[in-house]
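Quick caveat: nothing in here was measured; it's all calculated off a predicted structure. Read the numbers this way: they start at 1 and go in the same order the structure lists the ligands and their atoms.
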Amino acid sequence: MKHLREGSKSLILKEDMTVVSQREIAPRIFEMRLLGEMVHEMKAGQFLHLRVPDPSKLLRRPISISQIDKENKTATLVYRVEREGTAILSSLTAGDRLDVMGPQGNGFDLSVLSAGQKALLIGGGIGVPPLVETAKQLSAKGAEVISVLGFADKSAVILEDELRRYGKVYLTTDDGSYGVKGYVSTVIDELSEEFDAVYSCGAPGMLKYVDKKFAQHPHAYLSLEARMACGMGACYACVVHLKNQAEASNKRVCEDGPVFAAGEIEF
Ligand SMILES: Cc1cc2nc3c(=O)[nH]c(=O)nc-3n(C[C@H](O)[C@H](O)[C@H](O)COP(=O)(O)OP(=O)(O)OC[C@H]3O[C@@H](n4cnc5c(N)ncnc54)[C@H](O)[C@@H]3O)c2cc1C
Ligand code: FES
């Protein structure tokens, strides 16, 4: 394992990790388990920057860490095959090696919650994976976890059982083919309880709703996506703008994020 840079807040490593298993858990959605020393450094909500094993693919692909098992030195990623890069990643099988940079970014701040407090987790589609480790760690510290997950339709539903292990799960589908018909907002707007922290990850439309709804909440967090190149804060390919500030106030999703506080970023 090679140390690429040791900054004040992050240690970026590069390692050839070993693929332990890979399987398709829903149409075009794969779960890949990786083994390596880097697992010891991983935190909920961080991502890995994966080199696609193909010489024509120069840019790494950012994928969130879905589950961390420090004891067995394995991490699980769940990703959707979009185009060529992710298609090549999905063809890897047990025993293959994968060049991984990370763990990168600032993950979810779980320290704001203590035992007996309540967390609301909001996930949409392929944004659900990082919530599994988040739920696992919150529940381990005695917090109550309630998840609201939204998917396009029944075939796209993933990680429902995993999240049910850690608390109550509400599920919505856009077309009503499973769970409540509608978006996550359909359920959340009806919840009467107060939450001590909110953690969310999903499509921009969903995050925009969460951002607005919880803008005044002291502990509401959104995990964002952006097109990335270097993935370690140097190239500024991934900037987002701060709300109510001049154009020059940029934040980098890869380095300052991917997690930001609600009310902080301009959508
Ligand atoms: C912080 C972060 C975490 C992510 N976590 C997950 C995850 O857990 N599961 C998952 O399925 N997807 C995740 N994504 C999206 C994933 O990175 C893209 O789907 C993937 O890079 C697409 O690669 P491709 O070669 O198949 O597609 P192409 O469209 O051919 O990719 C071309 C280029 O665009 C970049 N790109 C394309 N889509 C995205 C995107 N949405 N975000 C950033 N760069 C993109 C690629 O990295 C590549 O450099 C995440 C993105 C970010 C930024
Ligand atoms: S991808 Fe280079 S700064 Fe974020």
Side-chain angles (χ1 to χ4, degrees), residues 4-5 7 9-10 12 22-34 42-68 75-92 98-108 121 123-135 149 151-152 156-159 162-163 199-207 221-241 250-260 265:
L4 289 184
R5 192 195 66 199
K9 63 179 167 75
S10 61
I12 301 181
Q22 170 127 261
R23 63 189 181 112
E24 193 169 8
I25 59 169
R28 288 177 42 235
I29 300 183
F30 287 78
E31 176 205 77
M32 177 161 61
R33 220 144 49 88
L34 293 170
M42 294 179 184
K43 297 195 186 96
Q46 289 189 303
F47 68 92
L48 301 181
H49 218 23
L50 311 177
R51 200 179 82 77
V52 179
D54 180 311
S56 73
K57 302 277 172 294
L58 297 177
L59 297 176
R60 288 172 181 268
R61 271 38 175 185
I63 301 289
S64 304
I65 301 165
S66 180
Q67 288 195 65
I68 305 167
T76 307
L77 310 180
V78 173
Y79 62 97
R80 185 167 56 207
V81 169
E82 293 294 343
R83 299 207 295 173
E84 266 186 61
T86 41
I88 294 171
L89 289 172
S90 75
S91 70
L92 296 175
L98 181 62
D99 176 342
V100 178
M101 202 181 88
Q104 177 56 324
N106 289 305
F108 286 121
L121 273 49
I126 203 64
V128 173
L131 299 181
V132 178
E133 183 63 28
T134 306
L149 314 177
F151 299 94
V157 173
I158 50 167
L159 304 171
E162 281 78 354
L163 280 157
Y199 301 94
S200 65
C201 187
M206 189 206 90
L207 292 179
Y221 305 97
L222 322 173
S223 181
L224 303 190
E225 273 193 18
R227 294 257 160 183
M228 289 187 181
C230 75
M232 54 194 289
C235 74
Y236 284 76
C238 64
V239 292
V240 287
H241 302 297
N250 295 326
K251 289 274 184 188
R252 296 155 298 179
V253 171
C254 69
E255 180 77 4
D256 305 309
V259 174
F260 294 95
I265 299 298

Colleague: Looking at residues at least two apart in the chain, or sitting in another chain, which of them share a salt bridge (charged side-chain N to carboxylate O under 4.0 Å, His left out) with Arg83?
Modeller: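 Not a single residue meets the salt bridge (charged side-chain N to carboxylate O under 4.0 Å, His left out) criterion with Arg83.
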
Colleague: Indicate yes or no: at least one non-hydrogen side-chain atom of Ile63 is less than 4.5 angstrom from one of Met32.
Modeller: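 Not in contact.
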
Colleague: Under the ring pair (Phe, Tyr, Trp, His ring centres under 6.0 Å) rule, collect the residues that match up with Phe108, sequence neighbours excluded.
Modeller: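 For Phe108 the ring pair (Phe, Tyr, Trp, His ring centres under 6.0 Å) partners, ignoring immediate neighbours, are Tyr199.
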
Colleague: Any side-chain heavy atom of Tyr79 sitting closer than 4.5 Å to one from Ser90?
Modeller: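 The answer is yes, as the side chains (C-beta and beyond) meet within the 4.5 Å cut-off.
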
Colleague: At a heavy-atom distance under 4.0 Å, which protein residues reach ligand 2? Sort them by chain and number, would you?
Modeller: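 Heavy-atom contacts below 4.0 Å: Met228, Ala229, Cys230, Gly231, Gly233, Ala234, Cys235, Tyr236, Cys238, Cys254.
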
Colleague: Calculate, to the nearest 0.5 Å, the distance between atoms NZ and CG belonging to Lys251 and Leu224 respectively.
Modeller: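 Rounded to the nearest 0.5 Å, the NZ-CG separation comes out at 12.0 Å.
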
Colleague: Could you go through ligand 1 and note, for every N or O atom, any protein N or O atom closer than 3.5 angstrom, writing the atom names and distance to 0.1 Å, or 'none'?
Modeller:
{"from": "ligand 1", "atom 1": "5 (N)", "to": "Ser64", "atom 2": "N", "distance (Å)": "3.0"}
{"from": "ligand 1", "atom 1": "5 (N)", "to": "Ser64", "atom 2": "OG", "distance (Å)": "3.0"}
{"from": "ligand 1", "atom 1": "8 (O)", "to": "Ser64", "atom 2": "N", "distance (Å)": "3.2"}
{"from": "ligand 1", "atom 1": "8 (O)", "to": "Val78", "atom 2": "O", "distance (Å)": "3.4"}
{"from": "ligand 1", "atom 1": "9 (N)", "to": "Val78", "atom 2": "O", "distance (Å)": "3.0"}
{"from": "ligand 1", "atom 1": "11 (O)", "to": "Arg80", "atom 2": "N", "distance (Å)": "2.7"}
{"from": "ligand 1", "atom 1": "14 (N)", "to": "Pro62", "atom 2": "O", "distance (Å)": "3.4"}
{"from": "ligand 1", "atom 1": "14 (N)", "to": "Glu225", "atom 2": "OE2", "distance (Å)": "3.4"}
{"from": "ligand 1", "atom 1": "17 (O)", "to": "Pro62", "atom 2": "O", "distance (Å)": "2.6"}
{"from": "ligand 1", "atom 1": "25 (O)", "to": "Arg61", "atom 2": "NE", "distance (Å)": "2.9"}
{"from": "ligand 1", "atom 1": "25 (O)", "to": "Arg61", "atom 2": "NH2", "distance (Å)": "2.9"}
{"from": "ligand 1", "atom 1": "25 (O)", "to": "Gly85", "atom 2": "N", "distance (Å)": "2.9"}
{"from": "ligand 1", "atom 1": "26 (O)", "to": "Arg83", "atom 2": "N", "distance (Å)": "2.9"}
{"from": "ligand 1", "atom 1": "26 (O)", "to": "Arg83", "atom 2": "O", "distance (Å)": "3.3"}
{"from": "ligand 1", "atom 1": "26 (O)", "to": "Thr86", "atom 2": "N", "distance (Å)": "3.1"}
{"from": "ligand 1", "atom 1": "26 (O)", "to": "Thr86", "atom 2": "OG1", "distance (Å)": "2.4"}
{"from": "ligand 1", "atom 1": "29 (O)", "to": "Arg83", "atom 2": "NE", "distance (Å)": "3.1"}
{"from": "ligand 1", "atom 1": "29 (O)", "to": "Arg83", "atom 2": "NH2", "distance (Å)": "3.4"}
{"from": "ligand 1", "atom 1": "30 (O)", "to": "Arg83", "atom 2": "NE", "distance (Å)": "3.4"}
{"from": "ligand 1", "atom 1": "34 (O)", "to": "Arg227", "atom 2": "NH1", "distance (Å)": "2.5"}
{"from": "ligand 1", "atom 1": "36 (N)", "to": "Arg227", "atom 2": "NH1", "distance (Å)": "3.3"}
{"from": "ligand 1", "atom 1": "41 (N)", "to": "Glu225", "atom 2": "OE1", "distance (Å)": "2.7"}

Colleague: Is it the case that more than 12 heavy atoms not belonging to Glu24 sit under 6.0 Å from its CD atom?
Modeller: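 Yes - once you tally the heavy atoms of other residues, nucleotides and ligands closer than 6.0 Å, there are more than 12.
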
Colleague: Just how far is it from atom CG of Asp256 to atom SG of Cys238, taken to the nearest 0.5 Å?
Modeller: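 Here the rounded value is 8.0 Å.
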
Colleague: Can you tell me how far apart CZ (Phe47) and CG (Leu77) are? Round to the nearest 0.5 Å.
Modeller: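 Phe47 CZ to Leu77 CG: 12.0 Å, rounded to 0.5 Å.
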
Colleague: Can you tell me how far the CD atom of Glu82 sits from the CG atom of Leu89, to the nearest 0.5 Å?
Modeller: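 Atom-to-atom, Glu82:CD and Leu89:CG are 12.0 Å apart.
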
